Amino acid sequence: TSDPRLKKYASIITDQNQRLNDQVEKVLNIARVEKDSFELKKESIDLHDTLSSIVKSESVRLKDGKISMNFNDENMEIIADPLHFTNVITNILDNAIKYSDKHPDITFTTEKRNNLNIIKIQDKGIGIDKEKQKQIFDKFYRVSTGDVHNVKGFGLGLFYVKNICRAHGWIIDADSELGKGTTFTIKIPF
């Protein structure tokens, strides 16, 4: 059909349907994580190729804004479950986009230091109050977003991220300043 209103409504329905599917998948993943009934299918993956492909597919959602990649020159291989690793990065990136004002400005940085592969995901979004930073990985915790009214979700994303990182033996932390943005750091031992 060429009716623009119908096209618009069909697009909204498709988007909402995908969002609901994503939320159901998150809930199922959380249930598996909590029961320890998930199994990591680890393999060697090229960190830069994998991050580049995630950024490429997520960039489609960005109407305005940019995602930059500042990668270490060396080849970086990690041992990880590709599906769960992709979910971890997508969750963090999703938050960076949602909690940015109008124009997300996100940078991925990789480096090698002290027997660690380090991934940093930095945004220049609304940031998180220092007091609330301790709770962001808690189940169902959601930071009150002030003027950002369109942020939807159950507060499960970062709980899942933390648990997947823990299951791999990785360390994840977040550093944020209100009004300046947030940096998530994942430390992956060689």
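Nothing here was measured: the structure is a model prediction, and the numbers come from that model.
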Enquirer: Can you hop from V161 to L116 via hydrophobic side chains spaced under 4.5 Å?
Expert: no
Enquirer: N117 versus T110: any side-chain heavy-atom pair under 4.5 Å?
Expert: no
Enquirer: Should I188 and I119 count as side-chain neighbours, where that means a heavy-atom distance under 4.5 Å?
Expert: yes
Enquirer: As an exercise, state the distance from OG1 of T107 to CE of M69, rounded to the nearest 0.5 Å.
Expert: 10.5 Å
Enquirer: Should we say atom CG of N114 is surrounded by more than 12 heavy atoms from elsewhere, each under 6.0 Å from it?
Expert: no
Enquirer: Once rounded to the nearest 0.5 Å, what's the spacing between atom OG of S176 and atom CG of D123?
Expert: 7.0 Å
Enquirer: Going from CZ on F184 to CD1 on I89, what distance comes out if it is rounded to the nearest 0.5 angstrom?
Expert: 11.0 Å
Enquirer: More than 12 foreign heavy atoms under 6.0 Å from NZ of K66: is that the case here?
Expert: no
Enquirer: Any chance you could lay out the side-chain contact (heavy atoms from CB on, under 4.5 Å) test for I92 and I186, step after step, and finish with the verdict?
Expert: CA-CA 11 Å; I92 296 171; I186 303 173; 4.1 Å; yes
Enquirer: Quick one: does F85's side chain get under 4.5 Å of L47's, heavy atoms only?
Expert: yes
Enquirer: What heavy-atom pair brings C165 and V88 nearest, and what distance separates the two atoms?
Expert: SG-CG1, 4.3 Å
Enquirer: Would you give the length of the straight line joining atom CD of E77 to atom CD of E43, rounded to the nearest 0.5 angstrom?
Expert: 10.5 Å
Enquirer: Grab the two heavy atoms, one from L40 and one from A167, that are nearest each other, plus how far apart they are.
Expert: CD1-O, 3.6 Å
Enquirer: Quick one: does L158's side chain get under 4.5 Å of N91's, heavy atoms only?
Expert: no
Enquirer: Do D173 and K187 touch side chain to side chain, with heavy atoms closer than 4.5 Å?
Expert: yes
Enquirer: So, using salt bridge (Lys or Arg N to Asp or Glu O under 4.0 Å) as the criterion, who are the partners of R113 when residues are at least two apart?
Expert: E111
Enquirer: Rounded to the nearest 0.5 Å, how far apart are NZ of K112 and CG of N72?
Expert: 6.5 Å
Enquirer: Is any side-chain heavy atom of I67 closer than 4.5 Å to one of L93?
Expert: yes
Enquirer: Take the angle between the ring planes of F71 and H48 and call it parallel below 30°, perpendicular above 60°, tilted in between.
Expert: parallel
Enquirer: Does a side-chain heavy-atom distance below 4.5 Å link T182 with Q122?
Expert: no
Enquirer: Mark yes when over 12 heavy atoms from residues, nucleotides or ligands other than K180 sit less than 6.0 Å from its NZ; otherwise mark no.
Expert: no
Enquirer: What distance separates D46 CG from S52 OG, expressed to the nearest 0.5 Å?
Expert: 8.5 Å
Enquirer: Between the main-chain N or O of I79 and the side-chain N or O of H168, is there a donor-acceptor pair closer than 3.5 Å?
Expert: no
Enquirer: Before you tell me yes or no, could you show the steps for K41 and L83 under side-chain contact (heavy atoms from CB on, under 4.5 Å), namely the whole-Å CA-CA distance, both residues' side-chain angles and the distance that decides it to 0.1 Å?
Expert: CA-CA 9 Å; K41 295 179 175 68; L83 175 70; over 6 Å; no
Enquirer: Taking side chain as C-beta onward, heavy atoms only, is I164 less than 4.5 Å from N87?
Expert: no
